Structures are given as C-alpha cells and as structure tokens.
Amino acid sequence: MAPVPRQAPRPGPVAPASGGPGRTSAGPTPKWLLYKEWPPDTPDTRRAGGSGTREVELLRTDSGEAVLLVLRMFRDGAGQAYLDGAAGRRALVERRVERVVTPVPADGGRHVRVRVESSGSWRLWLQSPDRVRVVERSLQAAGSYVFRYEGGSGELRFSHQGGGPFAVEALGEDLSSTARLLSGKGTSDVQGVLPGPGLYHVRSYSPWQVFLVPTMAPSFGPLGCRHRLAARDDPPA
C-alpha cells in the first residue's frame with residue numbers, strides 16, 4: 001500500500017496574534033495592540049498618519065539604530081507604499097494588504113523615508129525590535145510579522161492558508177536577513193529548520209500559523225544567560 005502523505009501536525013492550541021497584547025522581549029505585557037497601533041510612548045517624530053498620498057520622514061534615535069517599520073492600511077481604501085534607502089526605492093506593498101511589518105537595518109542615516117499612496121487612511125510608525133512578541137510554541141496571524149523566539153533549535157512548521165508567496169527568514173539583531181528558512185506559494189504546509197533563539201520575519205499576505213518544535217535545549221545568549229524554554233503556549237496576543 002502506498003504511504004499516506006504526512007502533513008505538518010498542529011500541536012496544541014494556537015495563540016492568536018490579533019486578540020490583544022502579548023509578552024514582549026522588553027518586559028511586561030504591553031498596553032497596546034501589537035502591530036495594530038503604535039506604542040503609546042511613540043514620539044511624533046517616529047509616527048505619522050493621514051490619507052491620500054504623502055511623503056513621510058521618520059526619525060531614528062541615532063544613525064546606528066535598526067528599527068521595524070509598521071504600516072497599517074485601513075479598509076476604507078487601497079494603496080501602495082515605498083521605502084527609500086541607500087540602495088534606492090523599493091515597494092513595501094505588492095497587493096491589497098492591511099498591515100506591513102518591514103525590518104529596516106541601520107544605514108548610517110537618521111531618517112527613514114517612506115512614500116504612501118492610498119485612496120484611504122493609513123498609519124505608519126517606527127518600532128524597536130525589543131518590543132516584539134515573544135513566541136514560545138505557536139502563533140497565528142495574517143500578513144507580515146516579526147517575532148522573537150527564546151528556545152532551542154529544532155523544527156519550524158508553517159501552515160499557510162491563501163494565495164500568494166510566503167517565506168520565513170531568520171534576522172540578526174541588526175535586523176538584516178541571515179537565512180531563509182522556508183518558502184512557498186499558496187495554501188500549503190511546509191517544514192524547515194529552527195535555528196534557535198533570535199528574531200524571525202514572516203513574509204506573507206495571507207493567514208498563517210507557525211509552530212516551533214525545539215529538539216535541543218536553549219543555548220546561552222550573548223550576555224551569558226540561558227534563555228527560558230517554556231512548556232506552554234503563549235498567552236493570547
């Protein structure tokens with residue numbers, strides 16, 4: 001008898017990323033909805049909002065700061081956005097999408113320049129990578145996302161529902177991409193290698209679920225402290 005194809009298992013309940021705030025690597029549970037609104041202490045120089053077409057300059061704390069650029073495009077319209085950098089202009093939005101989370105490594109300048117072209121309203125802000133969600137076992141969301149994992153190396157299982165391409169990349173602490181761990185297109189279940197503690201970037205325009213299955217104990221972090229490996233799912237986001 002021919003073997004039955006094995007699909008990636010779905011271990012345990014999944015903690016949704018859209019239900020509310022979760023624990024971040026900066027400390028206690030935040031008081032804002034992660035990636036849905038800017039943190040309440042975000043200064044005016046690091047956030048902008050409006051409608052229609054606009055050129056925006058946001059300010060890093062210094063020229064060496066790596067940041068996350070978060071763009072919310074609301075349902076009352078559609079549009080496009082572009083990030084200007086040392087390598088030129090690149091598109092942030094390739095199709096109708098409500099949220100984009102883009103790592104922006106330091107480039108020697110203090111300004112992050114974005115052009116937004118929208119028929120509706122939008123919000124845009126810079127967020128520190130130490131204020132991202134810490135995922136312990138599983139996460140479910142839609143669209144692009146950056147999270148931190150503090151456990152050991154093992155297996156990365158990714159379930160994608162919907163059309164379009166997707167990928168999961170490992171990021172360095174400077175937010176540069178260090179490895180593409182898996183990729184695909186359309187509705188599918190894919191497995192890859194989970195390197196261990198660090199930042200991870202999901203690229204997608206559709207709903208997805210990720211499962212982190214460690215097979216090795218957590219390694220020592222850069223400050224010599226052992227990362228905690230939790231035995232439960234994250235609290236609801």
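From a predicted model like this one, the values you see are computed outputs, not experimental measurements.
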For this session: State, with a plain yes or no, whether a side-chain heavy atom of P195 is found less than 4.5 Å away from one of Y149.
Result: no
Return yes if some donor-acceptor pair links the side-chain N/O of S118 with the main-chain N/O of G52 below 3.5 Å, else return no. no
Would L58 and V67 satisfy side-chain contact (heavy atoms from CB on, under 4.5 Å), going step by step from the backbone distance to the final call? CA-CA 11 Å; L58 304 179; V67 292; over 6 Å; no
CD of E173 to CG of D130, rounded to nearest 0.5 Å, is 9.5 Å
With sequence neighbours excluded, tell me which residues meet side-chain hydrogen bond (donor to acceptor under 3.5 Å, both in side chains) with S63.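 Not a single residue meets the side-chain hydrogen bond (donor to acceptor under 3.5 Å, both in side chains) criterion with S63.
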Original post:
Quick one: does P207's side chain get under 4.5 Å of Q140's, heavy atoms only?
Top reply: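 No, their side chains stay 4.5 Å or more apart.
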Original post:
Is there a side-chain contact between L68 and S128, using heavy atoms and a 4.5 Å cut-off?
Top reply: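 Answer no - side chains too far apart.
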Which value, rounded to the nearest 0.5 Å, describes the distance between T53 atom OG1 and R115 atom CZ?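 T53 OG1 to R115 CZ: 5.5 Å, rounded to 0.5 Å.
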Taken in chain and number order and not counting sequence neighbours, the residues that satisfy side-chain hydrogen bond (donor to acceptor under 3.5 Å, both in side chains) with Q127 are W125
Taking the side chain as C-beta and beyond, is there a heavy-atom pair between E155 and F211 under 4.5 Å?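 No. Closest side-chain heavy atoms not under 4.5 Å.
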Review point. Can you find a pair of side-chain heavy atoms, one from L182 and one from L156, that are under 4.5 Å apart?
Key: yes
Contact summary for A141 and R99, nearest pair of heavy atoms |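 Of all heavy-atom pairs spanning A141 and R99, the closest is CB-NH2, 4.5 Å.
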Quick one: pull up CG in L92 and CD in Q80 and give me the separation to the nearest 0.5 Å.
->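 Between atom CG of L92 and atom CD of Q80 there are 7.5 Å.
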Rounded to the nearest 0.5 angstrom, the CG-CZ distance for L124 and R47 is 12.0 Å
Inset, instruction - Report yes or no: does Y145 contribute a side-chain atom to a donor-acceptor pair with the main-chain N or O of V100 at less than 3.5 Å? - result: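 No; judged by distance alone, with no hydrogens or angles, the pair does not exist.
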- [ ] Could you walk me through whether Q161 and S159 pass side chain to side chain donor-acceptor pair (under 3.5 Å), step by step?
- [x] CA-CA 7 Å; Q161 296 92 37; S159 180; 2.7 Å; yes
* Asked: Between R72 (side chain) and S121 (backbone), is there a donor-acceptor pair under 3.5 Å?
  -> no
> Is it true that a side-chain atom of R137 and a backbone atom of V213 form a donor plus acceptor pair closer than 3.5 Å?
Replying inline: no
In short, side chain to side chain donor-acceptor pair (under 3.5 Å) pairs touching residues 102-114 with sequence neighbours left out are E57-R113
- Just jot down the side-chain contact (heavy atoms from CB on, under 4.5 Å) partners of S204, sequence neighbours excluded, or say none.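 For S204 the side-chain contact (heavy atoms from CB on, under 4.5 Å) partners, ignoring immediate neighbours, are H160, F166, V202, S206, W208.
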Q. Is there a donor-acceptor pair closer than 3.5 Å between any side-chain N or O of Y35 and the backbone N or O of W38?
A. no
| request: Take D84 and V114 through the side-chain contact (heavy atoms from CB on, under 4.5 Å) test and state the conclusion after the steps. | output: CA-CA 6 Å; D84 290 331; V114 182; over 6 Å; no
Heavy-atom closest pair (A48 atom, V56 atom, distance to 0.1 Å) is CB-CG1, 3.7 Å
Exercise. Before giving the answer on salt bridge (Lys or Arg N to Asp or Glu O under 4.0 Å), spell out for E150 and R148 the whole-Å C-alpha distance, their side-chain angles and the decisive distance to 0.1 Å.
Key: CA-CA 7 Å; E150 296 181 343; R148 183 178 292 278; 5.3 Å; no
Using every non-hydrogen atom in the two residues, find where L139 and R133 come nearest and quote the distance to one decimal.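 Here L139 and R133 meet closest at CD1-NE, 3.4 Å.
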inquiry  = Quick check: is V101 connected to Y82 through a chain of hydrophobic side chains (ILVMFWY, heavy atoms under 4.5 Å apart)?
reply    = no
* Where R131 and P39 come nearest, the two heavy atoms and their spacing ->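 In this case the closest contact between R131 and P39 is NH1-CB, 3.9 Å.
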- Message: Please find the pair of heavy atoms, one from L59 and one from R46, that lie closest to each other, and give the distance.
- Response: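 So the minimum-distance heavy-atom pair works out to O-CG, 3.1 Å.
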Evaluate the side-chain proximity of L171 to S176: yes if any heavy-atom separation is below 4.5 Å, no if none is. no
Open item on the list: I need the minimum non-hydrogen distance between G172 and T178, along with the two atoms involved.
Closed with: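 Where G172 meets T178 most closely, the heavy atoms are N-CG2, 3.5 Å.
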| request: With the side chain counted from C-beta on, respond yes when V112 and L126 share a heavy-atom pair under 4.5 Å apart, and no when they do not. | output: yes
* Can a donor-acceptor pair be found between the side chains of S177 and E169 at a distance below 3.5 Å? -> yes
Output all residues satisfying side-chain hydrogen bond (donor to acceptor under 3.5 Å, both in side chains) with T61, sequence neighbours left out; order by chain, then residue number.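 With neighbours one apart ignored, the set is E65.
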Residues at least two apart in sequence or cross-chain that pass side-chain hydrogen bond (donor to acceptor under 3.5 Å, both in side chains) with D62, listed by chain then number, are none
### Query
Is the closest side-chain heavy-atom distance between V132 and F147 below 4.5 Å?
no
R60 side-chain N/O to G109 backbone N/O, donor-acceptor pair under 3.5 Å: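 The answer is yes, because a donor-acceptor pair under 3.5 Å joins these two groups.
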- Item | Separation between CG of L194 and CG of L181, rounded to the nearest 0.5 Å |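 Here the rounded value is 8.0 Å.
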Hey, what do you get for CD (E117) to CZ (R54), rounding to the nearest 0.5 Å?
->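 Reported to 0.5 Å precision, the distance equals 14.0 Å.
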